[in-house]
Structure formats: structure tokens, C-alpha cells
Trainee: 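Provided herewith is a single structure, encoded as C-alpha cells, for subsequent inquiry.
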Amino acid sequence: MTETALSDVVSCLSDYDPNALPVALAQQIIRSFIQPVNAIEKVTIRAALDRVLAADIVSPINVPAHDNSAMDGYALRGGDLVADTALTLRIIGTAYAGRAFDGAVGNGECVRIMTGGVMPDGCDTVVPQEFTQDASDASVTLPAGVVRAGDNRRLKGEDLTAGRAALQKGKILRPADLGLLASLGIAEAPVQRRLRVAFFSTGDELRSVGEPLDAGCVYDSNRYTLYGMLTRLGCDLIDMGVVGDEPAALETAFRSACENADAVITSGGVSVGAADYTKQMMAQLGDVAFWTIGMRPGRPMAFGRINSGGRSAILFGLPGNPVAVMVTFYFLVRDALLHMMGASPAPLPLLRASSQAAIRKKPGRTEYQRGILSTDASGQPQVRITGSQGSGILRSMSEANCMVVLHHGQGNVAAGAPVDVMPFEGLL
Ligand code: AMP
Ligand code: MG
């Protein structure tokens with residue numbers, strides 16, 4: 001496969017300015033540069049959870065395979081029903097789930113039927129047991145108007161139809177999808193191989209958990225937030241810890257990451273005034289752009305492709321500040337990794353909530369403030385910001401349950417005005 005150069009991608013954009021790049025444009029450049037890693041493996045149903053489906057699953061059978069009853073009751077011929085008139089029917093047998101009644105049902109007759117029982121020949125309607133009167137072993141009475149013809153019958157193939165795609169390539173398989181595969185009798189599914197992502201933190205001031213904290217130093221927290229976010233995304237991780245600001249160490253780390261992974265994520269060392277070797281090494285090993293993005297937190301970021309030993313990997317050089325790492329990951333890296341994984345995810349939904357307080361915001365950049373979403377007394381969504389929004393204050397992220405997205409062109413927000421929020425957690 002021929003690889004596109006970053007210069008080719010950005011040359012098509014009339015308004016490309018690496019020093020003032022709107023988020024949407026950065027997302028667009030990243031999307032046009034990356035390619036899905038296509039490698040398929042077959043896994044059993046359970047192992048397919050959260051994996052990306054690599055081919056359409058065509059239903060080999062109808063589900064359900066037969067018309068059947070949605071209720072416990074009596075199966076009858078809808079043609080026997082007479083408007084505004086009670087009806088007494090003769091019971092000629094019983095249909096259980098998994099054990100059909102195999103006789104024919106004539107006019108004036110019915111069959112006692114359990115939920116899931118196959119509809120007997122001639123029957124198209126089920127009257128639920130609780131609507132009937134005077135039931136004996138021999139007969140049962142339906143008061144007038146309790147059912148219409150066709151009620152309480154599940155149709156053959158109404159869930160899944162034989163020959164149609166039940167699941168589409170690119171879907172990330174969730175619990176319902178595992179159940180759906182099982183309902184088709186399919187024991188294994190083709191999925192994309194996991195994406196291999198190598199990551200490390202750069203900075204001489206970083207200490208690892210377990211080491212003493214020397215004066216002026218900080219513990220490396222990005223290693224753990226990245227671990228968490230990448231694990232949730234279903235990547236195979238190559239966790240390389242902290243790499244010091246020293247050319248030989250950085251070169252070894254970048255080369256090893258590149259040779260063993262599809263994507264490399266680093267944090268730190270990409271800001272404008274950075275007096276370290278990280279940017280230099282990125283530029284030396286590949287086709288890398290250094291951006292100042294119109295976003296807060298975030299701003300500096302490196303993106304491109306690095307090469308070593310005949311292998312190449314996509315590089316995301318994230319800023320060092322802990323909140324900036326998470327925000328750039330969620331809004332610039334996550335979607336790119338999903339596409340590399342072969343997934344075709346729908347954009348994450350934004351919800352409207354009323355801002356409990358005024359928020360200051362300058363037009364011309366996208367802000368991702370950390371918020372707490374709740375419901376007000378009348379059940380409407382409302383959101384408040386989690387205290388100080390400094391890009392080094394990881395507590396703002398930990399306390400939040402959503403991101404308040406203040407768009408590029410948006411200005412100050414008045415108290416009570418609606419804002420867009422993106423909740424962190426979903427149901428599945
Ligand atoms: P940099 O982008 O390298 O200039 O770093 C910006 C800020 O983030 C500095 O205060 C760094 O100490 C801090 N920082 C960088 N990397 C990490 C990390 N892995 N964990 C915690 N803080 C970090
Ligand atoms: Mg640094």
C-alpha cells in the first residue's frame with residue numbers, strides 16, 4: 001500500500017495553518033491520513049465482546065423459525081371472532097414451547113398454548129389466559145372484544161430474516177450482539193485483530209509510582225490515564241513507562257515502539273517552547289506535523305507517521321498536562337484509533353443541558369470543560385463545571401461525569417443557557 005504524505009493531505013486544504021488549527025480541521029486531517037489495519041481472526045462468541053466485526057453476519061435462519069405465541073393462553077382461528085359477541089371454543093389439545101400441537105384446528109376449536117409454543121395449523125390469534133372465562137379441560141369462553149384477529153402472535157422471521165445481514169461489518173460487538181449471534185446458532189465470529197498501541201511519557205521531571213519523588217518532580221500519571229483509555233478501547237498495549245529527555249533513549253524508544261505497534265502515543269515535549277529532544281526525534285524519524293490546535297485544554301500536538309526498520313506507525317504526540325492528554329485523546333485520537341481498528345462508529349451524541357452558572361468562553365477555539373450532569377427539580381438536564389479548569393488539574397476530570405463542549409464559534413454562556421454536553425458513561 002502506498003502511503004500518503006502529510007503534505008499531500010494538507011495541500012488540499014486552503015485554510016491549513018499548523019499554528020492555528022481548528023479542532024474540526026485537525027480531526028479531518030487525521031481521518032484522511034490513517035488507514036484501517038485489516039487483519040481478521042475468528043473468535044468464539046464470548047471473546048467477541050467489544051471487538052470489531054470484520055464481515056457482515058448473514059442470518060442463516062429465520063428467528064423465530066415459526067409463528068409462535070407471545071402469551072400463555074389459547075390459540076384460535078381469527079375468523080371465528082364475531083364483533084361484540086362472546087365466543088365459546090372447544091379445547092382440542094395443548095402446545096408447549098418446544099413441543100408443538102400437530103393436529104389441525106377447525107372452526108369453533110382452540111388449543112391451549114404456552115408462550116413460545118408454535119402456532120397450530122389454522123390458528124393466527126392467541127387470547128391471553130387472563131382474558132378468558134369459565135375455562136375447563138374441555139372448553140373456554142372469550143368475552144366480547146378481548147382480542148382482534150392476529151393478536152399475540154410472533155411472526156416467523158420477525159426478529160431476524162434468513163439471508164439478510166443481521167450484523168454489519170465494522171460494528172463493535174456489545175452484549176446484545178453476542179446474544180444475537182447465539183440466537184442464530186453462530187458459535188464464532190470474524191473480528192479485526194486488536195490494534196497494537198505503544199505509549200510512553202517523556203520528561204526529565206517525571207517519576208514512576210514506587211520511586212521517591214525528588215524535589216521539583218511529579219509522578220507520571222499520563223501512563224495510567226492512557227492505560228485506562230486504551231484498555232477501554234480494546235487495544236493491545238505496549239506500555240513503555242517514562243523515557244528521559246535524552247536523544248539516545250528517545251531514539252531507542254521511538255524505534256522500538258514503531259517496529260512493534262500500529263500506533264505510538266507519547267505525552268509531553270511537544271509544546272512550542274519545549275527545550276527537549278522529543279520533537280526533534282519525532283521529526284527525524286518520520287513525516288510529522290507539529291500543531292497548535294484551537295482547543296482548550298490541548299493546544300500543542302504532534303501528528304504523523306514514523307518509520308523504523310522497514311516498519312511504520314501512526315504517531316500521536318500529545319501534550320504533557322494530564323487533562324490535556326485525556327481531552328486530546330478523546331477528541332483527536334479515539335476516533336482515529338477506532339477507524340484504524342476497522343470500526344465504523346457513529347459520532348458520540350451530544351446532549352443539551354442548561355448551564356447552572358455563567359461560563360466565560362472566547363470564540364475561536366473549542367473548549368472542553370469538565371462538568372457534572374444532573375437533573376433539576378422538573379427532571380430537565382442541567383450541568384455545572386467542576387471547579388478550576390486548569391489543564392494540570394486532573395481532579396476536574398475525576399469528579400466530572402461529562403464534558404461540556406463549547407464550540408469553536410461560541411462565546412460566553414449565560415447562567416441558565418443551554419450547552420452541549422457529552423456524558424462519559426453509557427448503559428452498555
Ligand atoms: P510538557 O508538555 O512536556 O511541557 O509538559 C507540560 C506539563 O505537564 C508539565 O508541568 C509536566 O510536568 C506535566 N507532565 C508532563 N508529562 C506528565 C506525565 N506523564 N504525568 C504527569 N504530568 C506530566
Ligand atoms: Mg516536558
Side-chain angles (χ1 to χ4, degrees), residues 18-19 21 23 26 197-231 235 237-254 256-257 261 263-285 288-304 306 315-334 365 367-368 370 388-400:
N19 297 314
L21 194 61
V23 171
V197 181
F199 62 107
F200 56 89
S201 307
T202 69
D204 280 343
E205 77 283 25
L206 302 180
R207 292 294 174 271
S208 297
V209 168
E211 289 175 0
L213 193 62
D214 301 321
C217 292
V218 293
Y219 280 121
D220 171 15
S221 58
N222 294 342
R223 179 182 196 174
Y224 296 91
T225 51
L226 281 169
Y227 163 85
M229 294 186 294
L230 289 165
T231 300
C235 300
L237 307 188
I238 305 174
D239 178 347
M240 300 172 68
V242 174
V243 177
D245 189 23
E246 193 261 306
L250 282 166
E251 177 163 3
T252 308
F254 274 116
S256 154
V264 179
I265 300 178
T266 63
S267 69
V270 292
S271 38
V272 187
D276 55 28
Y277 296 103
T278 308
K279 283 170 87 169
Q280 202 178 310
M281 201 52 67
M282 289 175 174
Q284 191 179 315
L285 291 176
V288 178
F290 298 94
W291 290 335
T292 303
I293 301 176
M295 69 187 288
R296 230 165 105 129
R299 283 178 54 83
M301 178 174 159
F303 172 72
I306 52 171
L315 171 76
F316 298 93
L318 306 185
N321 274 309
V323 185
V325 166
M326 297 195 74
V327 170
T328 47
F329 182 91
Y330 284 134
F331 294 95
L332 293 160
V333 182
R334 178 183 176 276
R365 65 186 186 210
E367 289 192 15
Y368 300 97
R370 281 72 70 200
S388 170
Q389 297 291 296
S391 65
I393 301 178
L394 199 49
R395 183 166 52 87
S396 70
M397 218 34 225
S398 170
E399 284 176 1

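We use all heavy atoms of the structure for the numbers below, so side chains are in, but hydrogens, waters and symmetry mates are not. We count ligands from 1, going down the list as the structure has it; atoms in each ligand are counted the same way. Not measured: the values here are computed from a predicted model. Position 1 is the first residue of the sequence, and the numbers go up from there.
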Trainee: Minimum distance, heavy atoms only, to atom 19 (N) of ligand 1: which one of Asp220, Val270, Val323 is it?
Mentor: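 Result: the heavy atom closest to atom 19 (N) of ligand 1 is in Asp220.
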Trainee: Should one rank Ser201, Gly317, Gly269 by closest heavy-atom distance to atom 3 (O) of ligand 1, which comes out on top?
Mentor: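 It is Gly269 whose heavy atom sits nearest to atom 3 (O) of ligand 1.
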Trainee: Can you confirm whether or not the ring centre of Phe199 sits under 6.0 Å from the ring centre of Phe316?
Mentor: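 Aromatic pair excluded; centres sit 6.0 Å or further apart.
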Trainee: Side chain, backbone, both or neither: which part of Ser221 has a heavy atom under 4.0 Å from ligand 1?
Mentor: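 Looking at Ser221 and ligand 1, atoms from backbone and side chain both fall under 4.0 Å.
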Trainee: Any atoms of ligand 1 less than 4.0 Å from a non-hydrogen atom of Tyr219? List them with their elements.
Mentor: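 Counting from 1, the qualifying ligand atoms are 20 (N), 21 (C).
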Trainee: Give a yes/no on ligand 1: does Gly203 have at least one heavy atom closer than 4.0 angstrom to it?
Mentor: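 In this structure, Gly203 fails to qualify as a contact of ligand 1 - no heavy atom is under 4.0 Å.
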Trainee: Which atoms of ligand 1 sit under 4.0 Å from any heavy atom of Gly268?
Mentor: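 The atoms of ligand 1 under 4.0 Å from a heavy atom of Gly268 are 2 (O), 3 (O).
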Trainee: Answer yes or no: is there a side-chain heavy-atom contact under 4.5 Å between Met229 and Met326?
Mentor: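 SC-SC contact between Met229 and Met326 confirmed.
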Trainee: Hydrogens and angles aside, do Asp220 and Ser201 bring a side-chain donor and acceptor to less than 3.5 Å of each other?
Mentor: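 Side-chain D/A pair, Asp220 to Ser201: present.
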Trainee: On a heavy-atom basis, which atom in Val23 and which in Gly294 lie closest, and how many Å separate them?
Mentor: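 Smallest interatomic distance, heavy atoms only, reads CG2-O, 3.8 Å.
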Trainee: Regarding atom 4 (O) of ligand 1: of the candidates Ser271, Gly320, Pro322, Ser391, which has the closest heavy atom?
Mentor: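 Nearest option to atom 4 (O) of ligand 1, by heavy atoms: Ser271.
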Trainee: Side chain, backbone, both or neither: which applies to Leu206 and ligand 1 if a contact is any heavy-atom pair less than 4.0 Å apart?
Mentor: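 Leu206 to ligand 1: side-chain contact only, backbone stays beyond 4.0 Å.
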Trainee: Test of understanding: with salt bridge (charged side-chain N to carboxylate O under 4.0 Å, His left out), list the residues that count as partners of Glu205, not counting sequence neighbours.
Mentor: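 If we apply the salt bridge (charged side-chain N to carboxylate O under 4.0 Å, His left out) test to Glu205, skipping adjacent residues, there are no hits.
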Trainee: Taking all non-hydrogen atoms of both residues, which atom of Ser256 and which atom of Met240 are closest, and how far apart?
Mentor: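 Scanning both residues, the minimum pair turns out to be OG-CE, 4.0 Å.
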